[in-house]
Every structure is written in structure tokens, then in C-alpha cells.
Amino acid sequence: QVELVESGGGLVQAGGSLRLSCAASGRTLSGTAMAWFRRPPGKEREFVARITWTAGDTDYADSVKGRFTISRDKSKNTVYLQMNNLNLEDTAVYLCGIVRNLASRRAYYSGVNYSYWGQGTQVTVSS
């Protein structure tokens, strides 16, 4: 069993920044990857970014490349999502998920492959 707890969401003006955190507990994270997904209002959940725990390999959705950065702190069992230059389309509930390392890069893009999820944190970008 793994528990994931997100924090750091809030209301921010367009062009601003936020940093989300996802703290993991309950098992070793070796051999896993952690990812951020988001669920915009009225839309399906979509992949944002992911990082493999051991190697720190990262990948991003095209919509956030160059603006968002995912990182992890092994000493705190925590993954971060630094979000810069936010725009209205970034408004969503952001969720953290964990998955055992997968064979293909594209497999990480599907939320059905993830074993555990946090409760989510709301990010609202205003004009």
C-alpha cells in the first residue's frame, strides 16, 4: 500500500508560478516512477510529467514543455512539479500517481497503468 499526498495548489494569475508537492509513504520507491496528471474542468485526465525514481529520467507533455519541471527529493520521498508561466489552460485538479517502471515511454501516458493516486490539488489560473 502506498499513500500519496499532494499539496501546493491554489489561485494564481496568468504568467505566475506554483510548485506542487507529492509526498509518498508506505513502500520503497526504487523501481517505480511517479507522475503528475491533471483533470481540467469538464475534460478527461491527461498526462503532464513523470520521473523515474532511481535514475531521475523525465518526460513531459508537449503542452507544458519548457514551462514545467518535475523533480524528486529522495531524502523526503517527495516529487515536485514546478510550474512557471501558467496560463488559463493549466487550470485543473492535479493528481500524483505511482507506477512500477514500464517498458515503453508511451505507457506512462496512460493513467490506467498507475497503481496508486493522491487525492489531488486544485490549481486555478486567473486572467
Side-chain angles (χ1 to χ4, degrees):
Q1 186 73 17
V2 176
E3 182 179 19
L4 301 174
V5 179
E6 301 102 330
S7 61
L11 175 64
V12 63
Q13 286 192 321
S17 298
L18 280 175
R19 187 177 82 155
L20 306 183
S21 300
C22 174
S25 62
R27 58 155 287 172
T28 177
L29 298 179
S30 176
T32 69
M34 292 178 71
W36 288 96
F37 283 69
R38 66 187 181 187
R39 187 184 300 117
K43 296 184 179 180
E44 296 295 315
R45 181 177 58 190
E46 62 185 30
F47 171 81
V48 176
R50 64 92 176 145
I51 186 166
T52 57
W53 190 256
T54 301
D57 179 57
T58 60
D59 193 17
Y60 298 89
D62 288 342
S63 59
V64 306
K65 279 180 183 175
R67 301 188 299 123
F68 290 12
T69 302
I70 190 170
S71 61
R72 86 264 195 247
D73 185 332
K74 289 185 174 181
S75 68
K76 297 181 179 179
N77 271 12
T78 299
V79 170
Y80 303 98
L81 186 68
Q82 177 66 44
M83 306 186 295
N84 298 328
N85 194 21
L86 286 159
N87 58 54
L88 299 180
E89 289 70 37
D90 295 317
T91 294
V93 174
Y94 283 72
L95 305 116
C96 175
I98 188 169
V99 61
R100 292 187 180 275
N101 286 343
L102 299 171
S104 75
R105 175 182 167 188
R106 290 184 62 83
Y108 288 106
Y109 299 163
S110 175
V112 299
N113 291 324
Y114 289 73
S115 305
Y116 299 97
W117 295 92
Q119 81 288 350
T121 186
Q122 176 70 46
V123 171
T124 302
V125 183
S126 65
S127 58

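Along the sequence shown, the residues carry numbers beginning at 1.
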Where Pro41 and Ala92 come nearest, the two heavy atoms and their spacing: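 Residues Pro41 and Ala92, closest heavy atoms: CD-CA, 4.5 Å.
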Cluster overlap Val2 with Val79, hydrophobic side-chain contacts below 4.5 Å: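 Yes, Val2 connects to Val79 through the hydrophobic network.
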Under 3.5 Å: donor-acceptor pair, side chain of Gln119, backbone of Val5: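 Such a contact is absent between Gln119 side chain and Val5 backbone.
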Gap between atom CZ of Arg39 and atom CD of Gln122 - 0.5 Å precision: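 Between atom CD of Gln122 and atom CZ of Arg39 there are 10.5 Å.
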Minimum side-chain heavy-atom gap Glu6-Leu20 below 4.5 Å: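 Side-chain contact under 4.5 Å: no.
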Atom of Gly97, atom of Tyr114 and distance for their closest heavy-atom approach: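 Reported closest heavy-atom pair: C-CD2, 3.6 Å.
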ILVMFWY network linking Leu95 to Leu86, side-chain heavy atoms under 4.5 angstrom: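 As far as the 4.5 Å side-chain criterion goes, Leu86 and Leu95 are not connected within one cluster.
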Spatial distance of atom CG (Leu29) from atom CZ (Arg72) [nearest 0.5 Å]: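 Nearest 0.5 Å value for the CG-CZ distance: 10.5 Å.
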Salt bridge (Lys or Arg N to Asp or Glu O under 4.0 Å) partners of residues 107-127, not counting sequence neighbours, each pair once: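 Output for this query is empty, none listed.
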Euclidean distance, Leu88 CG relative to Gln13 CD, rounded to 0.5 Å: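 Spacing of CD (Gln13) from CG (Leu88) equals 11.0 Å.
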Separation between CD of Gln82 and CD1 of Ile70, rounded to the nearest 0.5 Å: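 The distance works out to 12.0 Å.
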Distance (rounded to the nearest 0.5 Å) between Leu11 CG and Ser126 OG: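 That separation rounds to 5.0 Å.
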Side chain to side chain donor-acceptor pair (under 3.5 Å) partners of residues 17-37, not counting sequence neighbours, each pair once: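 Output for this query lists Ser17-Asn84.
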Distance-minimising heavy-atom pair for Tyr60 and Thr69: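 Shortest heavy-atom contact: OH-CA, 3.4 Å.
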Hydrophobic cluster membership, Val64 vs Phe37, 4.5 Å side-chain cutoff: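 Different clusters.
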Whether over 12 other heavy atoms sit under 6.0 Å from Lys76 NZ: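 Incorrect, the count does not exceed 12.
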Hydrophobic cluster identity match, Val48 and Val99, side-chain contacts under 4.5 Å: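 Each belongs to a different hydrophobic cluster.
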Partners meeting salt bridge (charged side-chain N to carboxylate O under 4.0 Å, His left out) with Arg105 (sequence neighbours left out):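 Partners of Arg105 under the salt bridge (charged side-chain N to carboxylate O under 4.0 Å, His left out) test: Asp59.
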ring-ring contact (aromatic ring centres under 6.0 Å, His included): pairs with one or both residues in residues 65-91, sequence neighbours excluded: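 Applying ring-ring contact (aromatic ring centres under 6.0 Å, His included) to every pair that reaches into residues 65-91, excluding sequence neighbours, yields nothing.
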Interatomic spacing from CE in Met34 to OH in Tyr116 - rounded to 0.5 Å: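 These two atoms lie 13.0 Å from each other.
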Val93 reachable from Phe47 in the ILVMFWY side-chain graph, under 4.5 Å edges: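 Same cluster.
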Exam field: side chain Thr91 to backbone Val125, donor-acceptor pair closer than 3.5 Å: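 Yes, because the side chain of Thr91 sits within donor-acceptor range (under 3.5 Å) of the backbone of Val125.
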Where at least one partner belongs to residues 20-102, residue pairs that pass disulfide bond (SG atoms under 2.5 Å apart), sequence neighbours excluded: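 Listed by first then second residue: Cys22-Cys96.
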Donor-acceptor pair, side chain of Tyr108 and main chain of Leu102, under 3.5 angstrom: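 Yes, the answer is positive, given that a donor and an acceptor are paired below the 3.5 Å cut-off.
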Heavy-atom donor-acceptor pair, Ser110 side chain to Ala107 backbone, under 3.5 Å: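 The answer is no, because no donor-acceptor pair under 3.5 Å joins these two groups.
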Trace of the side chain to side chain contact (heavy atoms under 4.5 Å, CB included) decision for Val12 with Met83: CA-CA 11 Å; Val12 63; Met83 306 186 295; over 6 Å; no
Pairs flagged by side chain to side chain donor-acceptor pair (under 3.5 Å) wherever residues 40-56 is involved - sequence neighbours left out: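 Side chain to side chain donor-acceptor pair (under 3.5 Å) check on residues 40-56 returns Arg38-Glu46, Arg50-Asp57.
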